[in-house]
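Everything below concerns the one structure shown next.
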Amino acid sequence: MSVSDRFRGCLLGLALGDALGAPFEGGVFAGVVWRAIGLRSPGVLRYTDDGEMALASAESLVACGGFDVDHMARTWAERCSWDRGYGPGARKVLALIRDGVPWREANTRVFPQGSFGNGAAMRAAPLGLFFRGDAAALDAATIEASRVTHAHPLGLQGGLLLARATALALRDEADLLAALDTADLDAEYRRRLGDARRLGRALPAEVVAALGHGVAAHESAVTAVYAAVRHFGAPFEDLMTFVVSLGGDVDTIAAMAGAVWGARNGAARLPAEPLARLEDRARFEAAAAALAAQR
Ligand code: AR6
Ligand code: MG
């Protein structure tokens with residue numbers, strides 16, 4: 001399996017997970033509203049804020065030939081579209097940045113300590129790809145990128161966890177959950193990483209009770225990595241079925257899990273049928289190919 005196939009697998013896995021998970025979120029009413037206003041047409045698998053921000057992250061890395069936090073922040077703010085289901089805090093912070101407020105000020109305007117939502121984690125995989133060979137640079141860039149909208153330590157560390165998990169999956173780390181359990185992480189993460197290693201093939205309800213499935217980063221980032229690792233040797237569809245069975249923030253958990261699974265298994269193992277219907281598939285592939293060519 002080539003490096004570029006794994007890069008494509010990661011970004012396509014993220015977008016596909018997001019798009020396949022989205023209809024399971026928000027309940028029946030939200031689904032009816034989206035269809036009524038034409039944003040969920042039957043033929044297209046539409047991605048949400050997870051896919052939009054991850055694509056913007058990857059394209060910013062490509063455009064700058066490296067990590068430029070101000071360019072990335074501007075790119076996120078300019079592209080943020082109201083109809084992609086952004087978290088309410090993130091949407092406001094991005095609107096402030098678009099209106100010219102420096103991100104270092106905007107990031108504590110909604111929540112004084114910053115957001116601990118999973119928004120930094122859901123978009124972190126491209127940083128894991130780009131900095132896969134340099135752990136210190138990966139950490140520094142991911143912390144800075146996460147801080148733009150998710151300055152709370154738990155929000156930041158969610159980004160760190162997903163960027164690190166992506167880099168570890170790329171190099172076939174044998175015990176990924178153990179490798180992620182490092183002393184610099186908050187106890188909220190370390191406890192869940194310990195639990196995740198002991199869960200084995202537990203039932204969905206037990207997984208949710210131990211790891212969570214919420215919009216907070218510490219209640220979904222470990223859950224997603226656990227789901228990916230559990231399905232490394234299984235088809236992508238089985239991973240999606242499992243994530244849907246967990247409930248909660250399905251699209252974001254599926255996006256994060258899809259990215260890690262894809263970095264390990266490559267694009268060739270993604271299911272052809274849903275992939276053919278993925279919105280902007282060619283753009284995700286082009287961004288992955290350009291990232292793979294750079295480093
Ligand atoms: N204090 C209290 N509540 C908080 C805090 C805090 N410091 N931080 C976050 N929350 P947000 P996201 C709660 O808005 O992380 C979308 O569906 C608060 O209720 O920053 O970018 C995405 O796809 C806040 O609104 O958004 C993700 O699935 C919420 O956490 C998900 O939403 C989310 O934080 C999170 O996106
Ligand atoms: Mg989403």
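The analysis underlying the following values was restricted to heavy atoms, covering all of them including side chains, and did not include hydrogens, waters or symmetry mates. It should be emphasised that the depicted structure is a prediction, and the values quoted were computed from it without experimental measurement. Atoms within a ligand are numbered from 1 in the order they appear, just like the ligands themselves.
At a threshold of 4.5 Å between side-chain heavy atoms, the hydrophobic network of Ile, Leu, Val, Met, Phe, Trp and Tyr places Leu278 and Leu14 in two separate groups. In this structure, Phe111 is a member of the same hydrophobic cluster as Ile97, with clusters built from ILVMFWY side-chain heavy atoms closer than 4.5 Å.
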- request: May I have the step-by-step check of side-chain hydrogen bond (donor to acceptor under 3.5 Å, both in side chains) for His213 and Thr223, ending in yes or no?
  value: CA-CA 7 Å; His213 63 181; Thr223 314; over 6 Å; no
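Shown here are the salt bridge (charged side-chain N to carboxylate O under 4.0 Å, His left out) partners of Asp5, two or more places apart in sequence or in another chain: Arg8.
The closest non-hydrogen atom to atom 34 (O) of ligand 1, taken over Ala217, Ser115, Ala121, Ser220, comes from Ser115.
Near Pro88, the atoms of ligand 1 lying under 4.0 angstrom from a non-hydrogen atom of the residue are 14 (O), 25 (O). Listed by atom number, the atoms of ligand 1 under 4.0 Å from Asp50 heavy atoms are 23 (O). Taking every heavy atom of Gly85 and a limit of under 4.0 angstrom, the matching atoms of ligand 1 come to 16 (C), 17 (O). Which parts of ligand 1 touch Asp49 is read off a 4.0 Å heavy-atom cut-off, strictly below it: atoms 16 (C), 22 (C), 23 (O). Short contacts between ligand 1 and Asp249, defined as distances under 4.0 Å to a heavy atom of the residue, involve ligand atoms 27 (C), 28 (O), 31 (C). Using a 4.0 Å cut-off to heavy atoms of Gly119, the atoms of ligand 1 that qualify are 12 (P), 15 (O), 21 (O). Residue-ligand proximity, Val215 to ligand 1, at heavy-atom distances under 4.0 Å covers atoms 29 (C), 30 (O), 31 (C).
Between Thr48 and ligand 1, not a single N/O pair is under 3.5 Å apart. Looking at ligand 1, you'll find an N or O of Gly89 within less than 3.5 Å of one of its N or O atoms. Ligand 1 has a nitrogen or oxygen under 3.5 angstrom from a nitrogen or oxygen of Gly114. Considering backbone and side-chain atoms together, Asn118 places an N or O closer than 3.5 Å to an N or O of ligand 1. Between Thr252 and ligand 1, a contact under 3.5 Å exists for at least one N or O pair. For Tyr86, no nitrogen or oxygen atom sits less than 3.5 Å from a nitrogen or oxygen atom of ligand 1, counting backbone and side chain alike.
Both the backbone and the side chain of Phe116 come within 4.0 Å of ligand 1, counting heavy atoms alone. With a 4.0 Å heavy-atom cut-off, ligand 1 is reached by the side chain of His150 but not by its N, CA, C or O.
Look at Arg164 and Asp184 and you find a salt bridge, because one of the NZ, NE, NH1 or NH2 atoms lies within 4.0 Å of a carboxylate O, short of that distance. In summary, Arg191 and Glu219 do not engage in a salt bridge, as defined by a charged side-chain N under 4.0 Å from a carboxylate O.
Within a 6.0 Å radius of CD in Gln294, more than 12 heavy atoms belonging to other residues, nucleotides or ligands are found.
Checked against the 6.0 Å centroid criterion, the rings of His231 and Phe242 qualify as a close aromatic pair.
Contact between Ala216 and ligand 1 is absent, with no heavy atom of the residue lying under 4.0 Å from the ligand.
The main-chain N or O of Thr48 is found under 3.5 Å from a side-chain atom of Asp18 such that the two form a donor-acceptor pair.
In summary, of the residues considered (Tyr226, Phe232, Phe236), a ring-ring contact (aromatic ring centres under 6.0 Å, His included) with Trp261 occurs for Phe236 alone.
Residue Ile143 is found in a hydrophobic cluster whose other members, listed by chain and number, are Leu156, Leu160; membership requires side-chain heavy atoms under 4.5 Å apart, directly or through intermediates.
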